[in-house]
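Notes for the one structure printed next.
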Amino acid sequence: MSNRMDDIVSLCKRRGFVFQSSEIYGGLSSAWDYGPLGVELKNRLQRFWWREMTQLNDNIVGLDAAIMMHPRVWEASGHVESFADLLVEDTVTNERFRWDHLPEENRRTMTSPAGNPLSEPRQFNLMFKTYLGPVAESGSEVYLRPETAQGIYVNFKNVVQTSRLKLPFGIAQVGKAFRNEIVTKNFIFRTCEFEQLEMQYFVHPSEDNKWFEYWKDQRMEYYHKLGIRPDRLRFEEHGPDELAHYAKAAFDIQYEFPFGWQELEGVHNRTDYDLRRHSEYSGKDLRYLDDATGDRFIPYIVETSAGLTRSVLMVIADAYEEEEIAENDSRVVLRLHPEIAPITVGVFPLVKKDGLAERAREIERELRDDFTTFYDQSGAIGRRYRRQDEIGTPFGVTIDYETMEENTVTLRMRDSMEQVRVPVPELAERIRREIKNYKRV
Ligand code: ATP
C-alpha cells in the first residue's frame with residue numbers, strides 16, 4: 001500500500017470514520033465498522049445517490065427487498081452455477097489468489113508472486129450459504145444475496161401493478177450484499193460484506209443501446225456533480241471474454257485509487273436474461289403489456305451498479321490533501337462536497353470568557369435546525385480549524401468581540417480558508433447558498 005493509503009487509513013481510524021471489526025478481539029479479517037463520522041458520511045452519500053436517482057427522475061422508484069430470498073432465485077439468476085472466481089494457491093506458503101487478478105506472467109509460468117509453484121485453478125462460488133430454521137438440512141439452505149439486483153427483478157410485476165409506471169422506468173435500491181471473496185484487501189475497497197447502490201432500468205428491447213449510452217453518461221456526470229476529480233475517473237469497457245453471463249455490453253466506471261485504477265461502478269446491458277429466467281423458473285408471466293400497442297414482451301434491463309462502501313473510500317481518497325499553508329505550516333484537508341461532509345458547520349467562540357461561549361452556543365443551536373453542527377471551544381482557534389479541515393467540515397463560524405457588538409460572525413471556508421463577515425440573521429441562508437454553489441477548488 002502506498003503511503004498515501006496508509007495516511008488515509010490512519011485518518012479514518014484516528015478521527016472515527018472506520019474501525020476494524022471486533023478490534024478488541026484482535027479484529028475480523030477484512031470486516032469494518034463505520035464510526036460516528038463514517039456513518040454520517042456513508043448515509044449522506046447514500047442520500048446523495050438516492051436523490052439523484054429517484055427524486056430527480058420522475059420514472060424511478062425505490063425498493064427495499066429482503067437480504068434472504070427464495071433459493072430458486074439464485075438458480076434462476078445463474079449464481080449457483082456460475083457466480084464463481086478461479087482460485088489458485090501458492091503451494092509453499094498457501095497464500096490464495098484470484099486467478100484473474102494475477103499478473104499475466106504469473107499465470108503463464110504458474111508461479112506465485114513469491115516465485116513458488118501455483119496449484120491448479122479451481123472454481124470457488126462466492127455466495128455465503130446458511131440455513132433457515134433450527135435444523136441445518138438440505139432444502140432449508142438460503143444464500144445471503146451477492147447483489148441487490150435480484151430483489152428488484154422478482155418484484156418487477158409488483159412494482160408495475162402498484163405504481164402504474166410505463167416503460168422506460170427504473171427501480172432503485174440500496175442495501176447490503178455478501179460475497180465470500182478469495183482475497184479481501186485495500187481497507188474497505190473489497191470486503192465480504194458491503195453495500196450497493198443499484199438501479200435497474202427497464203426498457204423496450206429495441207431501445208436498449210440508447211438507454212445504455214444514456215445511463216453511462218448520466219453516471220459519469222453524477223461523479224462530477226459529487227465533485228470528484230475528473231482526471232481520476234475513466235470508463236473501461238469489458239471485452240467479449242470478460243462479460244458476465246447475463247451481459248450484452250458492460251462498462252466500468254473506474255477511479256484511480258492510491259493503489260491504482262479500480263472499478264467503482266458497473267453499467268450493464270443485462271438484456272432480457274433476468275426476467276426471462278425468473279419467468280421460466282417461477283412459471284409466472286413476467287411480460288410487460290404495452291397498453292398503446294397491445295404488445296406483450298419481456299423488457300431489457302440496463303443496470304447501474306455501484307458500491308456504497310467502496311464509494312466511501314473513493315470520496316475520502318479523492319478529498320484527501322496535505323497542503324502547505326505557510327512557511328513551516330501545513331494542514332490535512334478533506335475537500336468533501338458539503339452535501340456529504342459528516343459535519344457541515346463548526347462553531348467556535350474565539351475565547352470562552354465575556355459571554356462569547358454562551359453566544360456561540362446560542363448560534364450553534366439556531367443552526368442545528370438546518371445543518372449538522374459541531375461546537376468546539378477548546379484550544380487555539382487555528383487548531384480548532386485544522387481539526388475540522390481534517391474531517392472535511394466545509395464551514396467554520398467564529399464568534400468574537402465584534403459579534404457581541406454588531407451581531408456579525410466570521411464565516412470561514414474550508415477549501416480557500418477565506419473568511420467573510422456575515423450578519424447572524426443572514427448566516428443560515430448564506431451557508432445554504434454556499435452549499436448550492438459549491439465548486440471544488
Ligand atoms: P470484481 O470482479 O472486482 O469482484 P464485479 O465486477 O463482480 O467485481 P459487480 O458485480 O459489478 O462487481 O458489483 C457492482 C459494484 O459493487 C462494484 O462496482 C463495486 O463498487 C461493488 N462491489 C462488488 N464487490 C465488492 C466487494 N467485495 N466489496 C466492496 N464493494 C464491492
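What you are looking at is a predicted structure, and each value in this text was computed from that prediction instead of being measured. Just follow the structure's listing: the first ligand is 1, and inside any ligand the first atom is 1.
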Inset, instruction - For ligand 1, indicate whether the residue Arg98 contacts it via side chain, backbone, both or neither (heavy-atom separation under 4.0 Å). - result: side chain
Got the closest protein heavy atom to [atom], with its distance?
atom	answer
atom 21 (C) of ligand 1	Gly307 CA, 3.8 Å
atom 16 (O) of ligand 1	Gln196 NE2, 3.3 Å
atom 22 (N) of ligand 1	Phe194 CE1, 3.5 Å
atom 14 (C) of ligand 1	Ser305 OG, 3.0 Å
atom 5 (P) of ligand 1	Arg179 NH1, 3.9 Å
atom 29 (C) of ligand 1	Phe189 O, 3.2 Å
atom 11 (O) of ligand 1	Glu263 OE2, 3.3 Å
atom 28 (N) of ligand 1	Thr191 N, 3.1 Å

Legend entry - Of Lys284, Arg277, Arg276, the residue whose pairing with Glu280 passes salt bridge (charged side-chain N to carboxylate O under 4.0 Å, His left out): Arg276
Legend entry - Criterion salt bridge (charged side-chain N to carboxylate O under 4.0 Å, His left out) against Asp370, the qualifying member of Arg432, Arg365, Arg430: Arg432
Quick check on contacts: which atoms of ligand 1 are under 4.0 angstrom from a heavy atom of [X]?
X	result
Glu181	24 (N), 26 (C), 27 (N)
Glu265	18 (O)
His268	11 (O)
Arg190	1 (P), 3 (O), 4 (O), 27 (N), 28 (N)

Inset, instruction - Applying ring-ring contact (aromatic ring centres under 6.0 Å, His included), name anything that partners Trp211, two or more places apart in sequence or on another chain. - result: Tyr201, Tyr214
So, [X] and [Y]: side-chain donor and acceptor under 3.5 Å apart, yes or no?
X	Y	answer
Thr373	Glu364	yes
Glu195	Thr309	no
Tyr255	Glu265	no
Thr393	Gln388	yes

Inset, instruction - Could you tell me whether ligand 1 has any atom less than 4.0 Å away from a heavy atom of Arg310? - result: yes
Inset, instruction - Ignoring angles and geometry beyond distance, decide whether Leu264 reaches within less than 3.5 Å of ligand 1 through its nitrogen or oxygen atoms. - result: yes
Inset, instruction - State, yes or no, whether a side-chain contact exists between Leu367 and Thr344 at a heavy-atom distance under 4.5 Å. - result: no
Distance-only check: which donor-acceptor pairs under 3.5 Å involve side-chain atoms of residues 331-342, not counting sequence neighbours?
from: Arg331; atom 1: NE; to: Glu323; atom 2: OE2; distance (Å): 2.8
from: Arg331; atom 1: NH1; to: Asp389; atom 2: OD2; distance (Å): 2.9
from: Arg331; atom 1: NH1; to: Arg414; atom 2: O; distance (Å): 2.8
from: Arg331; atom 1: NH2; to: Glu323; atom 2: OE2; distance (Å): 2.7
from: Arg331; atom 1: NH2; to: Arg414; atom 2: O; distance (Å): 3.1
from: Arg331; atom 1: NH2; to: Asp415; atom 2: O; distance (Å): 3.2
from: Arg335; atom 1: NE; to: Glu321; atom 2: OE1; distance (Å): 2.8
from: Arg335; atom 1: NE; to: Glu321; atom 2: OE2; distance (Å): 3.4
from: Arg335; atom 1: NH1; to: Asp415; atom 2: O; distance (Å): 3.1
from: Arg335; atom 1: NH2; to: Glu321; atom 2: OE1; distance (Å): 3.3
from: Arg335; atom 1: NH2; to: Glu323; atom 2: OE1; distance (Å): 2.6
from: His337; atom 1: ND1; to: Glu339; atom 2: N; distance (Å): 3.0

Legend entry - CE/Met68: more than 12 non-hydrogen atoms of other groups inside 6.0 Å: no
